[in-house]
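Read the structure below first, then the notes.
No hydrogens, no waters, no symmetry mates; every other heavy atom, side chains included, goes into these values.
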Amino acid sequence: MSWRTVRMPLMFMLSMSLIGLEFYPALLIALGLVIYCLKNDRQYDAVIMTIFLYGGYNFYKMPPISRMVILFAVALMALFVLRKSPLVKRTFALMGLYFVALMVAALHSIEPLSHQMPILSKYLNFLFFVVPLLYFNGKPFDFGKFWHAMFPYAMLICIFYAIDYFVFCGFILHPFPARSINTFYDLDWDPLSFDFIRQRPPSYYLLVFLVYPLARGWKMPWWAWGLVLLGVVVTQTFTVLTGFLVAFIISQGSFRKYAKYLVGGVLALVLAYTADVMITNGNYRDTGEGQESVLRVESSLKQLIGIQEINDEEDLAKLGTGRMGQTIPKIALIEELEMTGMGFGFLHPELTTNQMFYVYNPFYSDITKADELASEVEITPVQVFLHMGWYGIVVQVLWLTGLWFIVRRQPMGKYFLVIMIFFLWLGVSGYSGMIMAHGQIIAATAFAGVILSDPRRPVYRENPSLLPPDYR
């Protein structure tokens, strides 16, 4: 990875850090780099930069309604500008039906529609698939070039995490979410204090773009693996680690390889568990919801093993670092109100004031948080159920299945499937699933790449030599 290769990604990601620190002139630099890439046939970089700008990914948080206003405008423009292949037409049709299905659930709720739209809009971030289609409209797309373009950004993500964790001891290069006020003139850091602060994993999700090619023989230099491992250490998220492992195993092309890497994955988890036990050495962190080991591998496995020892709701509430404690009173309320069919609707944590949707949660250690809105949980399937009931579960399954059916026969269809399963895994575990921006944006980019690789695209029919060698 030469300086020439890394120079522009580094400039862009530093500008993203400055935006997160509320130095807003840096936004002009970031947008200028995207425009420069588009004008100089660097569409792969432009797509990656737009993913960061639109999704935030630990750099900053954009209000969901602002994000969707931009995306709806871009999607509407795409309807008229794109040269639509059969795959694109089917995708637009599916997204239209999905939107109608969401609106049915929202209109069924007694909550005003205007209050629900900011939350409903989060379900529609998959419309991001139009961005790569617009950038590559009339141009060929090669996954190999995309992966090579992604590589320096992936390494910089790991480096940024390591610097924030070991050097700055705070949230500077990945400013969001900080512990307190965090601006370029009032930084949330304690440099070289050895007060190591766990880094949140959203930026790390982007490395899933490289899992499939690595499983299929794409090579990374040895030092890159060291940076990736460093990223695992500082994010300390066992769920994300196992998500990458699941994605890697699914990416294999034969049962023999499935078995080989499954065994390898189990051995890797055993080594991680052993290292965690040795590093923690009995000095667990008290999080208020339980005790955590340093790398959170040992404590996570203990939680799973502890399932068989559950005797009451209090034991159940401690599972998933307290995530089950979020869900128990809310499931009880939706059953009590007999709303399991269509759910509460897309309740807003600030706009919704109807007291029937509020619940007392006795499982929180912080009693000030005990009175809360009944629809906010981290586990994706439960979140869908609270928003739309069993109707929403069916809608979500049909929508995801429809996306897979659209691209299943394409040469790189499995690439999208792997990334979708990765985020479904994260969603079940309480992270960014397929109803949140972080998951949908990455999955939508993979989906768009599969469509752009379709040999039936006009650009390939007019000039077959532009097809990647593997597709000819």
Lys330 and salt bridge (Lys or Arg N to Asp or Glu O under 4.0 Å): which partner among Glu376, Glu372, Glu336? Glu372
Parallel, tilted or perpendicular, judged at 30° and 60°: which one describes the rings of [X] and [Y]?
X      : Y      : result
Trp147 : Tyr212 : tilted
Phe141 : Phe136 : perpendicular
Tyr205 : Phe423 : perpendicular

Measure across Leu351 and Ser114 and return the closest heavy-atom pair with its distance rounded to 0.1 Å.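 Answer, listing the atom of Leu351 first, then Ser114: CD1-O, 4.4 Å.
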In short, Leu227 meets Met155 closest at the heavy-atom pair CD1-SD, 3.9 Å
Ring pair (Phe, Tyr, Trp, His ring centres under 6.0 Å) partner of Trp399, chosen from Tyr98, Phe405, Trp404, Phe99: Tyr98
Under 4.5 Å between any side-chain heavy atoms of Leu134 and Leu82, yes or no?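 Contact flag for Leu134/Leu82 side chains = yes.
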For a 4.5 angstrom cut-off between non-hydrogen side-chain atoms, does Ile250 reach Phe422? no
Atom pair CE/CD1 of Met150 and Ile48 - distance to nearest 0.5 Å: 5.5 Å
Approximate separation, where rounding is to 0.5 Å, of Thr50 OG1 and Leu31 CG: 9.0 Å
Could you tell me whether a side-chain N or O of [X] sits under 3.5 Å from a main-chain N or O of [Y], the two making a donor and an acceptor?
X      : Y      : value
Tyr161 : Ser203 : yes
Ser15  : Phe12  : yes
Asp164 : Gln199 : no

Between Asn58 and Tyr204: side-chain donor-acceptor atoms closer than 3.5 Å: no
Side chains of Tyr391 and His108, donor plus acceptor under 3.5 Å: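 Distance-only check fails for Tyr391 and His108.
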Answer yes if the ring centres of His174 and Phe59 are under 6.0 angstrom apart, and no otherwise. yes
So that I can tick it off, tell me whether Arg42 and Asp45 are bridged by a salt bridge, with the cut-off set at under 4.0 angstrom between side-chain N and carboxylate O. yes
